[in-house]
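Below is one structure, written out as structure tokens; comments come after it.
Order of the sequence lines fixes the chain letters, A, B, ..., with proteins taken first and strands second; residue numbering starts at 1 for each chain.
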Amino acid sequence: MLRILLALCAGGLFGTGLMLSGMTDTAKVQGWLDIFGNWDPTLAFVMGGALIPMTVAWRLTAGRRPTAGGSFPAAPHKELDRRLILGSVLFGAGWGLAGLCPGPAMASLSYNGWQGLVFFAAMACGMMAAPWFSRHLDRAAANA
Amino acid sequence: MEADWIWGLGGGLLIGLAGAVFLLGNGRIMGASGILGGLLDGSGRSNAAERITFIGGVVLVPLLIAFSTGHAPETHVTNNAAVQIGAGLLVGIGTRIANGCTSGHGVCGISRLSLRGIAATGVFMLAGILTLAVLRQLMGVI
């Protein structure tokens, strides 16, 4: 029950932060990426603001256990594989194209019109298809 | 317009706070694509309930705010359905192949100085910059 409550709390804060920061405005996100056009620096402040509590939170994990039980995530892998790079290229292209990434696409679902719903539906289809692509990339890497 | 960066910083702090609650409370990395994708491809079935409530919070709290204040923020979303479908597919497939998006690799990865998080964020930002440079500045189609 505590896990559910904390997840709801985190989700609510996340959605509120995305909405208030302007990150559900595709013009601001595309403005950040449009460095040869009318550049908008807002995203840097959002990312900077978000990194502050998260950096503290990672420090606080040392020698502790999560409040709701279980354990903290293991130390991150170090290898930069084909999937990480290729996936990030595809993601970045889609992000630039529409100005939406998964968090803001969810946070703005209620006020982003049919366009937001179409994006979300296509993203969900992509996420369901992704394991197939991942398997092929892993197989190709194993044969390389 | 001048206050944009203040709203950005304040909203960013809330996003970071959300990630801190999810990490210190549930011991999990707050990645939007991972939480949603795990539900959709079945890999996150064991903790589906907390995924669903997280997503419920992300979707419903902005709705409540918009409803109670009587105004929703401007989104400037494109009316081009083909762009929405293509972009959605790219974002869905890309984030799941790379195992993370702006929240997981960006916010949560960079804050723990993860090499993969930093590299992924650099690559998807560059890909986005290139997309805008070619499709908006050179071709004028988006």
Side chain, backbone, both or neither of A119(B) within contact of chain A (heavy atoms, under 4.5 Å):
side chain
Any chance you could measure F124(B), atom CZ, to L84(A), atom CG, to the nearest 0.5 Å?
10.0 Å
So what's closer than 4.5 Å to chain A heavy atoms on M125(B): side chain, backbone, both or neither?
both
Greatest number of heavy atom pairs closer than 4.5 Å to chain A - which of G37(B), G31(B), G56(B), A98(B)
A98(B)
Mind checking side-chain contact (heavy atoms from CB on, under 4.5 Å) for L36(B) and listing every partner two or more places apart, or none if nothing turns up?
M106(A), F120(A), M123(A), M127(A), L40(B), I55(B)
Cut-off 4.5 Å, heavy atoms of chain B, and the answer for I4(A) is both
Counting C-beta onward and ignoring hydrogens, is there a side-chain heavy-atom pair between P102(A) and V91(B) closer than 4.5 Å?
yes
Taking the side chain as every heavy atom from C-beta outward, state whether F36(A) and L138(B) have any pair of such atoms under 4.5 Å apart.
no
Do L13(B) and P53(A) have side chains that approach each other closer than 4.5 Å (heavy atoms only, starting at C-beta)?
yes
What pairs meet the salt bridge (Lys or Arg N to Asp or Glu O under 4.0 Å) rule with one or both residues in residues 14-25 of chain B, with sequence neighbours excluded?
none
Can you check side-chain contact (heavy atoms from CB on, under 4.5 Å) on F119(A) and V77(B), steps first, answer last?
CA-CA 10 Å; F119(A) 178 90; V77(B) 69; over 6 Å; no
In terms of heavy-atom proximity below 4.5 Å to chain B, should I35(A) be classed as side chain, backbone, both, or neither?
side chain
Measure I142(B) against the heavy atoms of chain A and call it side chain, backbone, both or neither at under 4.5 Å.
side chain
Which bit of L18(A) comes within less than 4.5 Å of chain B, counting heavy atoms only: side chain, backbone, both or neither?
both
Would you indicate whether the side-chain heavy atoms of L137(A) and I97(B) approach each other to under 4.5 Å?
yes
Which heavy-atom pair separates G19(B) from M54(A) by the least distance, and what is that distance?
C-SD, 3.3 Å
What residue in V61(B), V21(B), L9(B), I93(B) has the most heavy-atom pairs under 4.5 Å with chain A?
I93(B)
With sequence neighbours left out, the residues meeting side-chain contact (heavy atoms from CB on, under 4.5 Å) with M139(B) are V134(B), L135(B), V141(B)
Side chain, backbone, both or neither of L86(A) within contact of chain B (heavy atoms, under 4.5 Å):
neither
Pairs table: donor-acceptor atoms between chain B and chain A closer than 3.5 Å:
unit_1  : atom_1 : unit_2  : atom_2 : d
D4(B)   : OD2    : K28(A)  : NZ     : 2.7
G12(B)  : O      : A50(A)  : N      : 3.2
L24(B)  : O      : T67(A)  : N      : 2.9
L24(B)  : O      : T67(A)  : OG1    : 3.2
G25(B)  : O      : T67(A)  : N      : 3.3
G25(B)  : O      : A68(A)  : N      : 2.8
N26(B)  : O      : R3(A)   : NH2    : 3.0
N26(B)  : ND2    : R3(A)   : O      : 3.1
E50(B)  : OE1    : R3(A)   : NE     : 2.6
E50(B)  : OE1    : R3(A)   : NH2    : 3.2
V58(B)  : N      : G11(A)  : O      : 3.4
T75(B)  : O      : T26(A)  : N      : 2.9
T75(B)  : O      : T26(A)  : OG1    : 2.7
T75(B)  : OG1    : N112(A) : OD1    : 2.8
H76(B)  : O      : T26(A)  : OG1    : 2.8
H76(B)  : ND1    : D25(A)  : OD1    : 2.8
H76(B)  : ND1    : D25(A)  : OD2    : 3.3
N79(B)  : OD1    : Q115(A) : NE2    : 2.4
I97(B)  : O      : R83(A)  : NE     : 3.2
C108(B) : O      : W58(A)  : NE1    : 3.1
S111(B) : OG     : W58(A)  : NE1    : 3.1
R112(B) : NH2    : A74(A)  : O      : 3.0
R116(B) : NH1    : E79(A)  : O      : 3.1
R116(B) : NH1    : D81(A)  : OD2    : 3.0
R136(B) : NH2    : Q30(A)  : OE1    : 3.0
Q137(B) : NE2    : D34(A)  : OD1    : 2.9
Q137(B) : NE2    : D34(A)  : OD2    : 3.1

V58(B) versus chain A, heavy atoms under 4.5 Å apart: side chain, backbone, both or neither?
both
Most contact-rich option vs chain A, by heavy-atom pairs under 4.5 angstrom, among A133(B), C101(B), A49(B), is C101(B)
At a heavy-atom separation under 4.5 Å, does P131(A) approach chain B through its side chain, its backbone, both, or neither?
side chain
